[in-house]
Amino acid sequence: MNVLLNRFLIVRLTLGVIVLASLSSCSGGDAEKWFAADPKLQENQPVIATSPETDRPTQSTTKLPDDFPQQIPLYPQAKILNVKSEDTLGKVQILWASAAPSNEIEQFYQEQFQSDNWEIVQKFTAANNSDEKTAIARQGELQVKVAVASPTSESSSEESEEEGATTFALEYQQGTNVAAAETENPEPEAENTTTESEFTDLEQIPEITQKYIQDLANLGVFDLDENFEPNKTISRREYVEWLVKANNLFYQNNPGKQVRLSSTVNQPAFADVPTSDSGFAEIQGLAEAGIIPSRLTGDGVAVQFRPNAPLTREALIAWKVPLDSRSGLPTASIEAIEKTWGFQDAAKIDPKVQRSLLADFQNGEQANVRRVFGYTTLFQPQKPVTRAEAATALWYFGYQGEGISAADVSTN
């Protein structure tokens with residue numbers, strides 16, 4: 001038994017010596033490999049849980065917010081650049097880039113707002129001599145502002161990395177936040193900003209008229225560049241567009257005095273002003289307000305508006321005075337017009353316009369006839385109106401001492 005045990009121990013000892021000799025003959029690097037940790041195990045490190053603060057998304061993301069209102073139209077094929085939110089008022093702004101030209105994007109949103117029951121607070125308007133145009137629309141407690149820039153500037157192209165792309169911002173607020181924002185900043189940003197337009201062709205008209213035009217231009221009433229063309233006849237469509245825009249800018253803090261732009265879902269009041277007409281929202285809006293006679297006021301003769309026809313003195317007074325007086329017009333007659341204004345051609349004036357003329361006379365020194373035409377004994381009701389005369393009429397809104405001028409609005 002002892003003999004067998006001794007032989008077993010000798011064999012074990014011999015094997016151990018052989019193994020040690022083999023290891024000692026290997027290089028130090030090879031030996032280390034034998035006992036080194038499996039590299040595959042190093043790939044499976046423990047996962048360290050992050051706190052909610054670490055995983056919370058920042059205010060700039062590249063996807064729509066989870067609570068994005070579905071009724072807001074989205075321009076097709078546009079790329080989101082970033083999303084920013086303002087926690088205090090719940091305002092969210094999304095910046096987009098598109099290969100489409102700016103006018104197509106503007107037309108898309110204008111048509112979408114008009115056809116989908118939105119109240120258009122402001123049509124696309126440029127301010128501060130900027131290439132950017134802004135529109136504002138509301139639907140219930142949701143307000144949306146779309147600001148479209150011209151093809152990318154140097155700064156925006158760096159951000160979008162797309163040369164020639166059009167960038168536009170879509171900003172929205174909803175719920176009580178809209179009311180809160182209006183209380184804190186009652187004047188919409190685009191409307192509250194005055195421009196510094198300088199027309200180069202006003203030397204041919206009186207200085208006072210130049211001032212009227214410049215005051216209105218500073219408010220953003222005119223979508224014009226260098227030339228105003230003061231002595232050119234103005235069309236009926238363009239005058240209505242100026243009239244509604246000026247009125248709404250003057251009373252931007254008084255919704256009860258604003259003219260509501262019409263939606264394209266409404267049946268056109270005039271056969272020659274379809275929903276596709278550039279002045280439909282304003283013309284239809286004045287018709288629905290009862291300012292312009294139409295089928296809506298029971299006038300079966302007024303089926304055509306003739307938007308491209310020259311504006312006449314009669315029409316200028318008939319459409320402007322109701323927005324001054326904000327009340328029923330007085331009963332008038334040829335004799336009353338002759339006695340008050342002293343017009344020799346009173347018999348040629350439309351009976352409906354006679355009421356507006358009599359109310360205008362009662363407005364004293366702020367009467368439109370006095371401001372636009374000066375002293376005259378001839379009204380010439382069918383004489384075309386120039387662009388300078390139309391602007392002069394729009395410089396002041398109000399009645400019998402309760403009114404506001406374009407200069408007043410600019411300084412407020």
Residues at least two apart in sequence or cross-chain that pass side chain to side chain donor-acceptor pair (under 3.5 Å) with Arg237, listed by chain then number, are Asp277, Asn308
Crowded around Gln204 CD? As in, over 12 foreign heavy atoms under 6.0 Å?
yes
Can you list the residues that meet the ring-ring contact (aromatic ring centres under 6.0 Å, His included) rule with Phe379, with sequence neighbours excluded?
Phe343
Can you tell me how far CD of Glu338 sits from OG1 of Thr377, rounded to the nearest 0.5 angstrom?
11.5 Å
Going by the angle between their ring planes, with limits at 30° and 60°, are Trp395 and Tyr212 parallel, tilted or perpendicular?
tilted
Heavy-atom side-chain proximity of Thr264 to Glu111 below 4.5 angstrom
no
Would you please indicate yes or no on a ring centroid separation below 6.0 angstrom for Phe108 and Trp96?
no
Shortest non-hydrogen pair, Tyr75 vs Ala100, comes out as OH-CB, 3.2 Å
Would you say that Leu170 contacts Lys145 through its side chain, given a criterion of any heavy-atom pair below 4.5 Å between the two side chains?
no
Phe124 and Tyr109 aromatic centres sub-6.0 Å:
no
Do Asn266 and Ser263 have a side chain donor and acceptor closer than 3.5 Å?
no
Are Glu119 and Arg260 within salt-bridge range, i.e. N to O under 4.0 Å?
yes
Whether Arg295 and Asp299 form a salt bridge (side-chain N of Lys/Arg under 4.0 Å from carboxylate O of Asp/Glu) is what I want to check.
no
For the aromatic rings, using the six-membered ring if either is Trp, is the centroid distance between Phe305 and Trp319 under 6.0 Å?
yes
Does Tyr399 have Arg326 sitting over its ring (NZ/CZ under 6.0 Å from centre, angle to axis within 45°)?
no
No-hydrogen, no-angle side-chain donor-acceptor test under 3.5 Å, Asn368 and Asp324:
yes
Does Asp201 reach the side chain of Glu229, with side-chain heavy atoms less than 4.5 Å apart?
yes
Atom pair CD (Gln382) and CD1 (Ile349), whose distance is rounded to the nearest 0.5 Å
10.0 Å
Lys320 charged N/C atom sitting above Phe397 aromatic ring, 6.0 Å / 45°
yes
Phe228 vs Phe222 aromatic rings, parallel, tilted or perpendicular, using cut-offs 30° and 60°?
perpendicular
Within residues 374-397 or reaching into it, pairs that qualify as salt bridge (Lys or Arg N to Asp or Glu O under 4.0 Å) - sequence neighbours excluded
Glu238-Arg387
Lys123/Glu282 ion pair, N-O < 4.0 Å:
yes
By the definition side-chain hydrogen bond (donor to acceptor under 3.5 Å, both in side chains), identify the one residue from Lys91, Arg138, Gln173, Gln174 that meets it with Gln143.
Arg138
Do Asn218 and Gln214 have side-chain atoms, one donor and one acceptor, less than 3.5 Å apart?
yes
Does the side chain of Thr200 come under 3.5 Å of the side chain of Asn227 through a donor N or O and an acceptor N or O?
yes
